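Quick caveat, the model's predicted, so the values are computed rather than measured.
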Amino acid sequence: MNLILFGPPAAGKGTQAKRLVETRKMVQLSTGDMLRAAIASGSELGQRVAGVMERGELVTDEIVIALIEERLPEAEAAGGAIFDGFPRTLAQAEALDGMLQHRGSGIDLVIRLKVDDQALMDRIAGRFAESGRPDDNPDSFKVRLDAYNTQTAPLLPYYKGQGKLVEVDGMGSIETVAGAIDKALDKPR
């Protein structure tokens, strides 16, 4: 099964994806994690990515798509992938559909975590105070949230039109959200 966890930054996609990795043995393809690993490597690509992320901007489609494509064989061997933070644009969604179709696969389900923007701002301020992660800076986060709302949220009709979109209230406890996700995953298609 190939699943997209959809929602703005700090909505809990990473937390839920990690749980699904443990409970369902799926492979998490987190563009955020992949990009942070590139930054940590100190490579030229990592340095370019660092500057983009610190400004709260989105990394180019070419870079993100290449990172995803590189990990697809691992996901296929595990029986499916959880796409976390990807796709972010219609061009990325179409590229993903094309990559998967070329490999005889596709997206099975898109779960949208519905959350409140102000609650996210409060959550990110607390996370930044605890971890100091550069991409959790409240000012950068506001840029990322605005980018999500203008560039990524328009993907909802794309997946709804394919009959793959399920909405889950992302404002509940981790366990409540997990239960709703499991229910969606276990529903016969």
Supply the atom-to-atom distance [X] [atom1] to [Y] [atom2], rounded to the nearest 0.5 angstrom.
X: Glu54; Y: Ile39; atom1: CD; atom2: CD1; result: 7.0 Å
X: Lys114; Y: Glu167; atom1: NZ; atom2: CD; result: 4.5 Å
X: Met34; Y: Ile63; atom1: CE; atom2: CD1; result: 13.5 Å
X: Ser140; Y: Met53; atom1: OG; atom2: CE; result: 9.5 Å
X: Gln28; Y: Glu22; atom1: CD; atom2: CD; result: 10.5 Å

For the backbone of [Y] and the side chain of [X], can you confirm whether one donor and one acceptor N or O come within less than 3.5 Å of each other?
X: Arg55; Y: Gly51; result: yes
X: Gln92; Y: Arg88; result: yes
X: Thr150; Y: Asp146; result: yes
X: Ser131; Y: Arg127; result: yes

- With Leu3, the side-chain contact (heavy atoms from CB on, under 4.5 Å) member among Asp108, Leu185, Asp84, Ile107: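 Between Leu3 and the candidates, side-chain contact (heavy atoms from CB on, under 4.5 Å) is satisfied uniquely by Leu185.
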Residues which pass salt bridge (charged side-chain N to carboxylate O under 4.0 Å, His left out) with [X], listed by chain and number, not counting sequence neighbours:
X: Lys18; answer: Asp33
X: Glu76; answer: Arg103
X: Asp186; answer: Arg24

- Query: Are any of the side-chain nitrogens in Glu74 or Arg71 under 4.0 Å away from the carboxylate oxygens of its partner?
  - Reply: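 Counted as a salt bridge, because a side-chain N and a carboxylate O are separated by less than 4.0 Å.
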- Query: When you check the gap from the basic side-chain N to the acidic O, do Asp139 and Arg144 get nearer than 4.0 Å?
  - Reply: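 No salt bridge links Asp139 with Arg144.
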- Output, in order, the C-alpha distance, side-chain angles, deciding distance and verdict of side-chain contact (heavy atoms from CB on, under 4.5 Å) for Leu90 and Leu155. CA-CA 6 Å; Leu90 184 56; Leu155 286 175; 4.0 Å; yes
Looking at every heavy atom in both [X] and [Y], which two are closest together, and how far apart are they?
X: Asn2; Y: Gly106; result: ND2-O, 3.0 Å
X: Ala93; Y: Pro87; result: N-CB, 3.4 Å
X: Pro8; Y: Leu145; result: CB-CD1, 3.6 Å
X: Pro138; Y: Ala125; result: CG-CA, 4.2 Å
X: Leu120; Y: Ala10; result: CD2-O, 3.2 Å
X: Arg19; Y: Ala178; result: NE-CB, 3.0 Å

- Task: Applying side-chain contact (heavy atoms from CB on, under 4.5 Å), run through Lys13 and Ile82 and close with a yes or a no.
- Result: CA-CA 10 Å; Lys13 298 181 303 291; Ile82 305 160; over 6 Å; no
Neighbour count >12 (heavy atoms, 6.0 Å) for atom [atom1], [X]:
X: Glu94; atom1: CD; result: yes
X: Lys142; atom1: NZ; result: no
X: Gln101; atom1: CD; result: no

- Please test Arg112 against Val168 for side-chain contact (heavy atoms from CB on, under 4.5 Å), starting from the C-alpha separation and ending with a verdict. CA-CA 6 Å; Arg112 175 190 182 206; Val168 168; over 6 Å; no
Under a 4.5 Å side-chain heavy-atom rule over Ile, Leu, Val, Met, Phe, Trp and Tyr, are [X] and [Y] clustered together?
X: Tyr148; Y: Ile111; answer: no
X: Phe6; Y: Val21; answer: no
X: Met26; Y: Phe86; answer: no
X: Phe141; Y: Val143; answer: no
X: Leu35; Y: Val52; answer: yes

- Query: Is there side-chain contact between Asn149 and Asp117, with at least one heavy-atom pair below 4.5 Å?
  - Reply: yes
- Beyond-backbone contact of Phe83 with Ile68, side-chain heavy atoms, under 4.5 angstrom: yes
- Walk me through it: do Asp116 and Met171 pass the test side-chain contact (heavy atoms from CB on, under 4.5 Å)? CA-CA 7 Å; Asp116 175 77; Met171 296 307 297; 4.3 Å; yes
